[in-house]
Amino acid sequence: MNIPITKRIAIGSFLLYAFFSFYACSKKDNTPPPVDPTPKIAITSLSTDSGVYNASVTIVGTGFSNIMANDKVFFNGKPATITTATATQLIVLVPLSAGTGKVSVKVNDGTEVFGSVFNYKASWITSVFAGSGAPGFKDGTGTEATFDQPVGITIDGSSNLYVTEQGNNAVRKISTDGKVTTIAGNGTTGSVNGKGSAATFYHPAGIRAGNDGSLYLADYANNLIRKIDASGNVTTLAGTGAIGFDNGNASKASFTGPTDLVLNSTGDVFVADYVNEAIRKISKGGIVSTFSKSLIPGVDDHIHGFYFPSGLTIDQSDNIYVVVNYNIKKITPSGVISAFAGNGLQGVVNGKGNKAGFYAPYMLTIDKSGDFYVTDGNQVRKIDKDINVTVFAGLQASGAVNGAANASSFNYLIGIVTDKEGSVYVADTKNNQIRKIAFQ
């Protein structure tokens with residue numbers, strides 16, 4: 001078939017146009033989309049998969065902001081503190097009680113991106129339970145309240161704390177939710193009995209809760225042992241107020257600078273009579289006697305002596321433990337005295353029994369497991385059931401740092417007590433606070 005030349009040229013031109021049009025369309029359809037220059041947010045690794053509160057963890061990934069305020073990090077849903085931020089690394093601190101769960105990141109409040117699982121390890125943590133730190137005499141909850149030189153501390157069967165204050169000459173109550181109220185004393189010095197704020201004290205020291213809801217306290221500068229009943233009435237349990245060392249009927253007996261006291265299982269009260277260097281007993285019948293005393297006043301022979309006893313605690317078998325100089329001594333219910341812990345020399349030395357050393361021990365307590373805790377200058381020392389003495393919390397230098405117990409700091413610790421869960425509370429005297437050391 002013969003096709004005119006002009007027609008063949010037209011057909012060829014059309015086919016050529018169609019080919020190039022198809023090629024162009026195909027090329028256009030196959031063009032890849034533009035590349036987003038923003039890196040994808042992702043967590044690729046953690047520097048560690050476990051740790052305690054406030055431990056530093058490095059998160060490696062992509063798409064983070066180098067402006068810390070734009071990044072948010074969570075451990076099992078709990079927000080973490082970021083200390084350093086770059087586009088590929090976030091250095092964070094483990095939040096308290098984080099539990100076990102995935103670590104996640106948000107950038108500019110965008111989609112939450114998850115990484116691997118982190119396992120939180122509980123540890124002993126120091127915190128402020130009550131008190132702003134400034135000296136004062138204000139009731140309130142937690143750090144809204146103020147204290148002035150808290151000294152003694154005890155706990156009742158409902159886990160309420162009671163604190164004596166040297167500066168305010170008062171007795172304060174701290175409920176389990178941290179609410180502070182004044183139950184006796186009005187801030188002035190005196191020895192007046194009465195209800196609540198009508199009563200006065202003079203540098204009250206050690207305090208203990210009785211099973212009947214009453215409180216017993218050593219009113220140090222008044223040379224008296226006082227009692228506060230469940231309704232808040234303050235009376236004198238023993239002592240005339242005059243300096244002395246007289247036994248007999250409680251109303252005629254005398255003490256000189258009592259610092260602490262404990263109650264045994266039958267309701268007898270034992271007193272650390274500091275200046276008289278003796279442990280005194282007040283029977284339920286109201287008779288004061290000398291339970292144990294230094295053989296030679298002013299001398300501690302490490303076995304029989306009581307060189308200015310300051311703190312007492314008692315175990316379930318009615319054995320009494322006494323802080324004496326740089327030692328802890330034990331007295332059985334029958335009055336047998338033995339060395340318990342301490343070498344008699346000043347120093348922070350960990351060790352077993354008489355191999356250990358204390359720096360400035362003051363008061364002590366025993367927990368439900370039979371472990372002892374001793375306030376020792378700016379530290380809390382622990383004596384376990386095998387009589388191994390270690391540093392439990394605090395640095396030797398004074399301070400007011402919270403956090404990990406072994407890195408926290410205090411300023412002159414005196415009173416100490418434990419609760420049913422094993423948490424330790426201390427009267428941080430010069431910081432004007434009640435501090436809590438809990439396993440969390």
Side-chain angles (χ1 to χ4, degrees), residues 206 208 210-211 216 218 225 238 245-248 250 253 255-345 351-358 361-376 381-389 416 418:
R208 291 292 179 272
N211 293 330
Y216 300 80
I225 307 304
F245 189 39
D246 297 309
N247 289 319
F255 303 85
T256 307
T259 55
D260 203 7
L261 72 177
V262 291
L263 283 75
N264 68 7
S265 59
T266 60
D268 297 324
V269 178
F270 296 82
V271 180
D273 196 357
Y274 185 78
V275 178
N276 283 325
E277 298 183 341
I279 307 302
R280 311 285 292 283
K281 177 182 177 180
I282 308 170
S283 70
K284 282 190 70 175
I287 301 300
V288 177
S289 59
T290 301
F291 184 64
S292 188
K293 189 183 186 307
S294 287
L295 298 178
I296 306 174
V299 175
D300 181 3
D301 64 3
H302 296 276
I303 298 296
H304 303 101
F306 287 98
Y307 185 76
F308 300 118
S310 58
L312 302 176
T313 195
I314 192 165
D315 66 19
Q316 293 181 347
S317 300
D318 283 344
N319 296 299
I320 296 172
Y321 300 82
V322 189
V323 176
V324 183
N325 204 15
Y326 304 118
N327 298 297
I328 311 296
K329 294 188 177 181
K330 177 181 177 180
I331 313 174
T332 66
S334 62
V336 177
I337 305 167
S338 61
F340 183 65
N343 58 22
L345 303 174
K352 185 166 184 172
N354 61 9
K355 302 296 182 183
F358 296 91
Y362 207 118
M363 289 186 177
L364 75 168
T365 191
I366 184 171
D367 69 9
K368 62 180 182 180
S369 300
D371 294 324
F372 295 80
Y373 297 90
V374 183
T375 53
D376 191 16
R381 308 291 294 283
K382 180 179 179 178
I383 309 173
D384 68 16
K385 291 181 288 293
D386 297 319
I387 323 180
N388 293 304
V389 181
I416 187 166
T418 61

Closest heavy-atom contact between [X] and [Y]?
X      : Y      : value
Leu364 : Arg208 : O-NH2, 4.3 Å
Ala272 : Pro309 : CB-O, 3.8 Å
Ile337 : Lys329 : CG2-CD, 4.4 Å
Ala218 : Pro258 : CB-O, 3.6 Å
Asp318 : Ser265 : OD2-OG, 2.7 Å
Gly344 : Tyr326 : O-CD1, 3.5 Å

Go through the structure and list residues passing side chain to side chain donor-acceptor pair (under 3.5 Å) with [X], not counting sequence neighbours.
X      : value
Thr332 : Ser334
Ser289 : none
Thr418 : none

Within this structure, what is the [atom1]-[atom2] distance for the pair [X] and [Y], rounded to the nearest 0.5 Å?
X      : Y      : atom1 : atom2 : answer
Asp384 : Ser369 : CG    : OG    : 11.0 Å
Asp371 : Thr365 : CG    : OG1   : 11.0 Å
Thr256 : Glu277 : OG1   : CD    : 11.0 Å
Asn247 : Thr290 : CG    : OG1   : 4.0 Å
Leu263 : Lys284 : CG    : NZ    : 10.0 Å
Thr375 : Met363 : OG1   : CE    : 7.5 Å

Could you check whether any side-chain heavy atom of [X] comes within less than 4.5 Å of a side-chain heavy atom of [Y], counting everything from C-beta outward?
X      : Y      : answer
Ile282 : Phe255 : yes
Asn388 : Ile383 : no
Phe270 : Ile331 : no

Take Tyr362 and Ile416, measure what side chain to side chain contact (heavy atoms under 4.5 Å, CB included) needs, and give me the verdict at the end.
CA-CA 9 Å; Tyr362 207 118; Ile416 187 166; over 6 Å; no

Contacts of type side chain to side chain contact (heavy atoms under 4.5 Å, CB included), residue [X], not counting sequence neighbours:
X      : result
Ala356 : Val389
Lys330 : Asn319, Tyr321, Ser338, Phe340
Ile366 : Thr313, Asp315, Phe372

Who are the ring pair (Phe, Tyr, Trp, His ring centres under 6.0 Å) partners of Tyr274, not counting sequence neighbours?
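Listed in chain order: Phe308.
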
How would you list all residue pairs meeting salt bridge (Lys or Arg N to Asp or Glu O under 4.0 Å) that involve residues 264-273, not counting sequence neighbours?
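Pairs touching residues 264-273 that pass the test: Asp268-Lys281, Asp273-Arg280.
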
